[in-house]
Structure formats: C-alpha cells, structure tokens
*Asks:* 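Okay, here's the structure, questions in a sec.
In what follows, residues are counted from 1 in the order of the sequence shown. On a predicted model such as this, the values are computed, not experimentally measured, just so you know.
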Amino acid sequence: MSATSHPDPDPHRVPEPGPARAAGPAGGPATADALLALVTPERAAELVTASLDWPSLILTPLQLAELELLLVGAFGPNPGYPAEQEVAGVPVPTLAVPAAEADPLAAGVTVALRDLEGVMIAALHLRTLLPAPAGSPVRLVGTLEGLRLPHHPDHPALRLTPDQLRAELRARGWTGPQVGAGAAWAVWADGLLHTADVGRIRALTRQGKRCVVLAPVGGADPADAGHHLRVRCLQAALDAVDAPLRPSEATLASEAVASDALAAGAAGRRHEPAPDPYRRPGADHQPRHRSLLVLVPAIPSPLLATPREPGMSATVLPPAGRARRPPSTGPAGIEPIGIEPIGIEPASLSRAGIPLETGLGVTGGEPRPNGDTEDLARLNAQRAHLASNYGLSGSLIGPAIGAPGRQELASLLDAGGPIPAELTPPAVAAELARAIPPRSQRGLTIFFTGLSGSGKSTLAGLLVCRLLEQGGRRITLLDGDVVRTQLSQGLGFSRADRDTNVRRIGFVAAAVAGAGGTAVCAPIAPYAVVRAQVREMVRAAGGGFVLVHVATPLEVCEARDRKGLYAKARAGVIPAFTGVSDPYEQPADADVTVNTAELSGDEAVDRVLDHLRVAGWIALT
C-alpha cells in the first residue's frame, strides 16, 4: 500500500459539471476549464453521417474503459492515443488491434470507434500505425473527437467525471480557499474495503482529511452479479466508517498516515470535522456517507487488491509550478497526444518508499525479476496521476496492512463460517455471505471427461441418482449424446464443431451453476484448452467446478464398442475419431480420476461422492 500527497496545480479551480460544454473553434471542445472532451451535438451529427464511409472498430469493454478515461479528460484536455506507452513515467491508454483489422487502415484515415452494440463513441483521426512483429497487434496513433461517453446502466449516481467530482467536492465544502490544501484524499479500492481499511479512512478523517473512495470498474459487465456485490460491499464499508468505534477497533485509534510525517510543518493532528451540510448540484437530499464513493473507468488491478508488506509508505510529488520533464517523441517523430502527466517517475516511487516487493502478487508464485516491481511502479504512477486529475490532493493505493487476502476470505465463505469483525466489517460480511453461500449450498458443475465407451454417461447418470436420493440439490444432466440431438443438432465432428459442442455444454452448465443448481456433464471433451474454458465459464458465473477423468484404457473402451464406432473408425468410415485418428489429451488438472476397468460403477461414483464431501460440496453423512 502506498500513500501519495500531491498538490493540484490549481486546487480551487472547479469546472461546472454536466453534459458536454460549449464547443470551441471548428466544433471541437471548448477552451474553458472543463476537462470533458466531447464535441457539440451539431459536430457529433456531422461525424455520425460521415462515419458511414469510414472503417469502424468495435472496442472491447476494456478498450472502451480506456477510451472513456481519455474522453473525461483524465489524461489531458486533448484526447488521443499517443505513440508512447508511458509519458513522464505515467502509463497512458493505447489502442492495439489485430493485424487483420489494421490492414485496411492507413495514416490520414478516420476510424469510427464503436461499443459492442455499434454505437459510435468517438472518431479516431489516424496519424500513424506502429508496426508490430508478425502476428502481434498493431498500435494505432491519432487524435480523438468524442461524441458521447460509453453508456453505463449500473450505478449512474456513483459515476462522476473529473469535472463532476471537482464540483461535488466544492459543493460539500471539501475544497476551496476556506479549507486549505490537502483536505480531499483518494482511497483507491481495487478490491473490497475491510476493517483495516476502515480504520485507515477514520485515521485520515481524524486528521481533517476528507476521503473519496475511487473504485476502478473499467470493463465491468453491468449484468455481472460480482460487480454489483463489490459496489454494495464498498457502500457497506462506508457505513462502517460512519458507525461508532467498536472496542475491538481501539488499537486503530492511533493509526497514522506515513505521508504526514513528511509534510513540512505538520504539528499534531486535527480533530475530525463535524459532518458538513451538503447538497449535490441539482439535487435536494443529504448524502448517505460522510465519505464519498466514486466509480471510475480505470481497469481494476488484482496486484493492487492484494495485501502486501511492508506497511504504509509515502511519496511527495513535485510541488505546483515545478517544471515537468518534456515527453520524448515516439517513432517517426510522433509526439504523445493530449497527455498531461503529473511528472513522477517509477524510480522515484521506489526511492520514496512505496512497497514494491516481488513474490507477493496475486499468483503467489516465485518472485519475478522486474515483474511485479515494475507493474506496481507503473500502477502507482498512473493512480496518482488520475487522483490529481480528479481534483484530489493525496492518494492511498493498495489495501491496509491487516486486510484479509482473497484466499482467506474464500476459505471462510466456502465453509459457511462467520467472518470475524476484526477482518471485515459485519455489514460487508453480511453482503458477502448473502451473495456467496457455503459450498454445500452453492451452484456446482461436475464434468466427466473420457474416451467413448469409458463409462462417462453411466457414471453421470448414477451420480445424479445418488445426489437426488440425498436431496438438497437441483440437478441438470447434460449427457454428450443427448446434447448432440438437442443443443448441438447440426454440428459435425470436426475439431471446431466438437469444441463448439463442449463450449455450449459449458455455457449451459455455467448458467445452471450460476443460478444455484447442479449440472452434471458427460461429453468426451478431448482437448485441455476447451475444458479449461468451461471451468473458467463456470467459475466466472459463481459456481464450483469438479473435473472427473474417467481414465478407462483405450483397449477396454474399444473392446466394449457398444455402438460400433471404433470399428467404423478403424475402417476409415469415421474420420478424426478420438483415441483412434484424433488425440485425447489426458487431463493434468482432474479433481477425481476413476477407471471403470478396475472399479464398478458404484465404487467409481462413491469416489466422486467422497471428493464432494471432503471438498464441502455436499454435506457429510
């Protein structure tokens, strides 16, 4: 976790919030102070009409999030994609597309950038295309004219642009001449806020600071339950910030922010100010919290959501008015476009004490030389820059020391036990428990894989009977042969068609598990990459995934050959038959392995049931 204090070049300048401001010359953005870079409605209509003759690019959700950052002015008033990936040590958004999509493009061409529904968001006036090695994406460099911001149906009241947040801060009395510099601080929340984080926010408020929790949600799917759960948990954490101090939190009462020790003239702490009267511009209601939650289109980083040692450290950025290092030119003399970084270098972050240890990242693997360290430096630089552009004078990045890790929380939720208040505020724990039931009550996919004739369908059917006998789970059986006649009717047996068939099974299984049901699947699924895709689909839907490898040897399966398929494959009647003329990739990640040449059906299913009990997916009997 790092703490950054930085002055706003003009901390009292607050542009008016609202839609696109009046345009300047040639229909472009106005020359007023506002950061939002959208053209006038008249210019937007001209661009939409002209775009009928332009090439178009459909942006991914992550690309749309980075485009939104550019259009809201987070990287300067003249948005564009620069030739450099970093400017003055700050990573900047870039746009890379597959070589096939870049083939019809050339310098001087204008490209319509569209969302997934085909709505035009911006016009990109290409200045150059940066060459890339064969097979690699091609980077596009050019200037942008923004027509509109991407549409977000989720939590619109929490999505403030830098302009709107600056106005909000002034409306709350958090910025302005009467407050002084350094009153409003950003607290970045790439994951959740836990008890230690709540204590840290309280420590800031006791020092007279006001906290704005910036939650990166770039690329979030509005239909993703996990995204909404995170927002509810953050709101519950801010409820905990406002709640009376519990006895168990008494040790947090003296917590300090390291950057205060570096601040010149710091003389003791100030008392927490009383809640200020507040009226949002254009609304007549009181705020829910004394702190403020804002969803920003930055892309969340698992690296910044992972607790790491050592404790809090501080960086003081260059004071206002200090000369900034001019950005160097990119390839072919192309200069970075529209980027106004705050002028900090990754090396200065490390020198100032921001924790950059390796080996403590989300993967939990061995330290990567120049891996996590460099990633953290870049992320810290970008987050400090964004906080400054949102009008905030300080920035806390990363979880507080003592915050639980993802695995610790997952273990508690899997078992269905209570989450101690010392780890997570009770209101946050309640939201988590409501959305993520214990494994025994959670959706599940049990995925059998093996050669034709290995016994998959028999075992899957027997397992369904045993689970229904026990009760407590709603079961859906997706047998490979049955699916072929319904869900995948018309597909052949080429590799592409077989992959599509397994993905369809995975899609249905994920939907069943995501709704709290249990899907039992029994396709051949010969390829490891597609099995991994199904596992990820199910987990992304919030379900559990158990892979059962029915490892019956090929000679036994061929000897059974109840349908005569092996005989036809040997005769060349069936091409690309798994195990004969097409490979079966043995799973290296199976949770259970059974061999029906050595075990009866009941014995094999008992092994699967034993695993489900030990792993907590079904109750012990």
Side-chain angles (χ1 to χ4, degrees), residues 60-62 98 135 137 219 221 224-226 300 302-303 361-366 368 371 406-407 410 414 436 439 442-452 454 456-457 459-460 463 476-480 483-484 487-488 491 493-515 517-552 554 576-579 582-595 607-608 611-612 615-617:
T60 67
L62 295 182
D221 182 355
D224 177 17
L303 202 58
V362 292
T363 60
E366 292 299 317
R368 297 182 300 132
R406 179 186 294 253
Q407 190 56 50
D414 286 348
I436 308 173
R439 279 188 170 187
R442 199 178 303 170
L444 174 65
T445 292
I446 305 167
F447 196 92
F448 288 84
T449 175
L451 295 169
S452 177
S454 62
K456 303 180 304 299
S457 297
L459 297 184
L463 177 64
T476 299
L477 177 61
L478 298 171
D479 180 70
V483 167
R484 278 277 180 181
L487 187 64
S488 296
L491 289 180
F493 289 89
S494 66
R495 173 156 188 169
D497 281 357
R498 281 186 287 177
D499 286 352
T500 298
N501 178 56
V502 175
R503 288 193 191 98
R504 288 180 180 178
I505 292 173
F507 178 83
V508 175
V512 169
T518 300
V520 179
C521 314
I524 293 175
Y527 306 120
V529 64
V530 182
R531 293 194 299 261
Q533 290 170 356
V534 172
R535 183 190 291 267
E536 181 56 33
M537 279 192 281
V538 173
R539 288 182 170 174
F545 187 88
V546 174
L547 181 64
V548 181
H549 178 206
V550 185
T552 307
L554 172 63
F577 188 80
T578 301
D582 201 66
Y584 175 83
E585 297 175 358
Q586 300 282 337
D589 57 346
D591 300 287
V592 183
T593 300
V594 294
N595 180 352
R607 289 197 178 183
V608 177
H611 171 82
L612 296 178
W617 294 113

*Asks:* Taking all non-hydrogen atoms of both residues, which atom of A513 and which atom of T445 are closest, and how far apart?
*Replies:*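 Minimum heavy-atom separation between A513 and T445: CB-OG1, 3.8 Å.
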*Asks:* Got a second to check how far D582's CG is from S494's OG, nearest 0.5 Å?
*Replies:*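 Reported to 0.5 Å precision, the distance equals 10.0 Å.
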*Asks:* Would you compute the distance between atom CZ of R531 and atom CG of D589 and round it to the nearest 0.5 angstrom?
*Replies:*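 If I round to the nearest 0.5 Å, the distance is 7.0 Å.
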*Asks:* What's the shortest heavy-atom distance between L554 and G579, and which atoms?
*Replies:*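 Minimum heavy-atom contact is CD2-O, 3.3 Å.
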*Asks:* What closest approach, in Å, do A509 and C521 show between heavy atoms, and which atom pair accounts for it?
*Replies:*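 Closest approach of A509 to C521, heavy atoms only: CB-SG, 3.8 Å.
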*Asks:* Could you pull out the closest heavy-atom pair between K456 and L451, with the gap in Å?
*Replies:*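 Scanning both residues completely, I find the closest heavy atoms to be NZ-O, 3.0 Å.
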*Asks:* When you compare the side chain of L547 with that of P587, does any pair of heavy atoms fall below 4.5 Å?
*Replies:*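 A side-chain contact under 4.5 Å exists here.
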*Asks:* Decide side chain to side chain contact (heavy atoms under 4.5 Å, CB included) for H611 and V548; before the verdict, give the C-alpha distance in whole Å, the side-chain angles of both, and the deciding distance to 0.1 Å.
*Replies:* CA-CA 10 Å; H611 171 82; V548 181; over 6 Å; no
*Asks:* Using the side chain to side chain donor-acceptor pair (under 3.5 Å) criterion, which residues pair with D499? Sequence neighbours excluded.
*Replies:*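 Expected list: none.
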*Asks:* Among all residues two or more places apart in sequence or in another chain, which pass the salt bridge (charged side-chain N to carboxylate O under 4.0 Å, His left out) test with D591?
*Replies:*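 Counting only residues at least two positions away or on another chain, D591 forms a salt bridge (charged side-chain N to carboxylate O under 4.0 Å, His left out) with R535.
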*Asks:* Just checking F577: does its CZ atom have more than 12 heavy atoms from other residues, nucleotides or ligands closer to it than 6.0 angstrom?
*Replies:*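 Yes, CZ of F577 has more than 12 neighbouring heavy atoms, counting only those of other groups under 6.0 Å.
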*Asks:* Tell me, with the steps shown, if L459 and V608 meet side chain to side chain contact (heavy atoms under 4.5 Å, CB included).
*Replies:* CA-CA 10 Å; L459 297 184; V608 177; over 6 Å; no
*Asks:* Any ring-ring contact (aromatic ring centres under 6.0 Å, His included) pairs touching residues 524-548, not counting sequence neighbours?
*Replies:*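 The answer is F447-F545.
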*Asks:* Check whether any side-chain heavy atom of V534 sits under 4.5 Å from a side-chain heavy atom of I505, and report yes or no.
*Replies:*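 Side-chain contact under 4.5 Å: no.
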*Asks:* Under the side chain to side chain donor-acceptor pair (under 3.5 Å) rule, collect the residues that match up with R442, sequence neighbours excluded.
*Replies:*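 In terms of side chain to side chain donor-acceptor pair (under 3.5 Å), with neighbours along the sequence ignored, R442 is linked to D414.
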*Asks:* Mind checking the CZ-OG1 spacing from R498 to T578? Nearest 0.5 Å is all I need.
*Replies:*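 Reported to 0.5 Å precision, the distance equals 4.0 Å.
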*Asks:* Please list, chain by chain and in numerical order, all residues satisfying side chain to side chain donor-acceptor pair (under 3.5 Å) with T552, sequence neighbours excluded.
*Replies:*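 For T552, the residues satisfying side chain to side chain donor-acceptor pair (under 3.5 Å) (neighbours in sequence not counted) are T596.
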*Asks:* Short question: side chain of R439, backbone of A615 - any donor-acceptor pair under 3.5 Å?
*Replies:*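 Such a contact is found between R439 side chain and A615 backbone.
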*Asks:* What distance separates L612 CG from L463 CG, expressed to the nearest 0.5 Å?
*Replies:*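 CG of L463 is found 6.5 Å from CG of L612.
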*Asks:* Please find the pair of heavy atoms, one from G544 and one from V538, that lie closest to each other, and give the distance.
*Replies:*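 Nearest pair, atom of G544 first, then V538: O-CG1, 3.3 Å.
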*Asks:* What residues form a side chain to side chain donor-acceptor pair (under 3.5 Å) with T449, not counting sequence neighbours?
*Replies:*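 T449 satisfies side chain to side chain donor-acceptor pair (under 3.5 Å) with Y584 only.
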*Asks:* Which atom names give the shortest non-hydrogen contact between T593 and A551, and what distance separates them?
*Replies:*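 Closest approach of T593 to A551: CG2-CB, 3.8 Å.
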